[in-house]
Amino acid sequence: MGPIGIFGGTFDPIHYGHLRTALELLEGLSLAEVRFIPCSQQPLRDQPIATRDVRLSMAKVAVESDARFSVDARELEREGVSYSVDTLMGLRAEHRDRSLCLLLGMDAFLSLPSWHRWEELIGLAHIVVAHRPGWQAPTDGVLGKLVREHSTEVPQDLSTSRSGRIFITPVTQLEISATSLRKLIRKGFDPKYLVPKGVGTIIAETGCYSEERIGCVND
Ligand code: ATP
């Protein structure tokens, strides 16, 4: 069985930047599947704008077209702050012998040392870092050391061991961010072609990013 890819995020909303990256990593690294895990509350960031239910619905509709993609709601079901280390420990307990690959954009990877118990992550999963425009792999500091000690350029290493390697790879660069999408929608523009059709429908129906924020008070 190939590795399980784990793609965490706020997904406020999920967009083609996330989906295309997940697909390229899945195919390029022979992952068996990718699980999208929306977080409830991220420790270092502002509260999401759309409710948990709306973000979950958008993620579910976004992955419908690919059977290798799924949504895992465990972080939304847990109370309080979402820590990746807890999520990975849970997944590791469920899949003792499987390779787990934590999929991150470079911006997320660069913030890793500020994550709760971040040094434990590499013992629980491989870390796969997708390049985004303008970001460089770290060479200095604690992350530079982590990369030097764990990095591999051989994709098969991610299948032959369960955890412990860092793989940094370019992906097609779609310069879409949830922040810019929300701004665009607030101004009344159509997010068509930046998000899957079903996601656009949920955004329109709930008004979750519109000026009035109809039905989207944070829970
Ligand atoms: P925001 O603008 O609110 O920061 P975002 O679009 O970056 O949101 P997140 O849910 O915060 O989305 O990101 C989840 C993960 O997806 C992170 O690892 C991030 O690096 C990655 N990611 C976000 N946008 C892209 C993109 N356009 N291409 C590739 N990866 C992306």
Side-chain angles (χ1 to χ4, degrees), residues 5-29 31 34-52 54-63 69 71-76 81-85 87-88 100-116 118 121-122 125-138 143 166-187 191 193-196 199-200 202-203 208-209 213 216 218:
I6 298 146
F7 201 127
T10 313
F11 303 132
D12 189 21
I14 193 164
H15 53 67
Y16 279 133
H18 300 131
L19 294 162
R20 181 69 210 169
T21 297
L23 180 67
E24 290 189 16
L25 295 177
L26 182 140
E27 293 188 328
L29 305 177
L31 307 180
V34 173
R35 297 189 191 174
F36 291 82
I37 309 193
C39 62
S40 57
Q41 190 185 329
Q42 273 189 320
L44 308 164
R45 294 181 50 150
D46 292 339
Q47 287 291 311
I49 303 299
T51 62
R52 295 170 194 212
V54 170
R55 287 186 296 120
L56 182 61
S57 305
M58 291 192 288
K60 281 185 175 165
V61 82
V63 304
F69 286 175
V71 177
D72 181 329
R74 72 182 65 213
E75 292 194 0
L76 297 177
V81 175
S82 304
Y83 291 120
S84 298
V85 67
T87 302
L88 287 183
L100 301 177
C101 291
L102 180 64
L103 312 180
L104 299 175
M106 184 63 84
D107 56 339
F109 181 63
L110 292 179
S111 72
L112 204 69
S114 59
W115 295 19
H116 183 57
W118 70 277
L121 299 174
I122 194 72
H126 300 298
I127 297 178
V128 173
V129 186
H131 286 279
R132 294 179 73 185
W135 298 92
Q136 296 293 321
L143 270 189
I166 296 178
F167 189 84
I168 301 180
T169 182
V171 291
T172 299
Q173 317 214 312
L174 297 177
E175 197 45 4
I176 307 171
S177 77
T179 306
S180 59
L181 264 169
R182 292 194 303 270
K183 278 190 191 146
L184 175 143
I185 296 160
R186 207 162 44 239
K187 286 183 191 156
Y193 310 132
L194 298 173
V195 297
V199 173
I202 292 173
I203 291 170
C208 57
Y209 304 123
R213 302 261 301 279
C216 259
N218 274 312

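Atoms within each ligand, like the ligands themselves, are counted from 1 in listed order.
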Engineer: Quick one: which ligand 1 atoms are inside 4.0 Å of a heavy atom on Gly105?
Structural biologist: 18 (O), 20 (O)
Engineer: Flag Phe7 as yes when one of its N or O atoms lies below 3.5 Å from any N or O atom of ligand 1, and as no otherwise.
Structural biologist: no
Engineer: Which option out of His131, His18, Lys183, Arg20 puts a heavy atom nearest to atom 12 (O) of ligand 1?
Structural biologist: His18
Engineer: Strictly under 4.0 Å, does any heavy atom of Leu104 approach an atom of ligand 1?
Structural biologist: yes
Engineer: Find the distance between CG (Leu104) and CG (Leu112) and round it off to the nearest 0.5 Å.
Structural biologist: 6.5 Å
Engineer: Checking the N or O distance criterion of under 3.5 Å, is ligand 1 in contact with Thr10?
Structural biologist: yes
Engineer: If only side-chain N and O atoms count, and only distance matters, is there a donor-acceptor pair under 3.5 Å linking Ser177 with Ser180?
Structural biologist: yes
Engineer: Relative to the heavy atoms of Asp107, which atoms of ligand 1 are at a distance of less than 4.0 Å?
Structural biologist: 19 (C), 20 (O)
Engineer: Going by heavy-atom distance to atom 27 (N) of ligand 1, choose the closest among Thr179, Leu174, Leu194.
Structural biologist: Leu174
Engineer: To the nearest 0.5 Å, what is the distance between OG on Ser82 and NE2 on His116?
Structural biologist: 12.0 Å
Engineer: What atoms of ligand 1 come closer than 4.0 angstrom to any heavy atom of Gly9?
Structural biologist: 10 (O), 14 (C)
Engineer: Would you say Glu175 has any N or O atom under 3.5 Å from an N or O of ligand 1, going by distance alone?
Structural biologist: no
Engineer: Between ligand 1 and Gln173, can you find any atom pair, the residue atom being a heavy atom, that is separated by under 4.0 Å?
Structural biologist: no
Engineer: Which part of His15 is near ligand 1, with near meaning a heavy atom under 4.0 Å away: side chain, backbone, both or neither?
Structural biologist: side chain
Engineer: Parallel, tilted or perpendicular: which one describes the rings of Phe7 and Phe36, with boundaries at 30° and 60°?
Structural biologist: parallel
Engineer: Using the rule side-chain contact (heavy atoms from CB on, under 4.5 Å), only one of Pro48, Pro38, Cys39 pairs with Asp12; which is it?
Structural biologist: Pro48
Engineer: I'd like to know if Gly8 contacts ligand 1, where contact means a heavy-atom distance under 4.0 Å to any ligand atom.
Structural biologist: yes
Engineer: Which heavy atom of Ile176 sits nearest a heavy atom of Gly17, and at what distance?
Structural biologist: CD1-N, 3.8 Å
Engineer: Any nitrogen or oxygen of Phe11, main chain or side chain, under 3.5 Å from a nitrogen or oxygen of ligand 1?
Structural biologist: yes
Engineer: What atoms of ligand 1 come within less than 4.0 Å of a heavy atom belonging to Ile176?
Structural biologist: 24 (N), 26 (C), 27 (N)
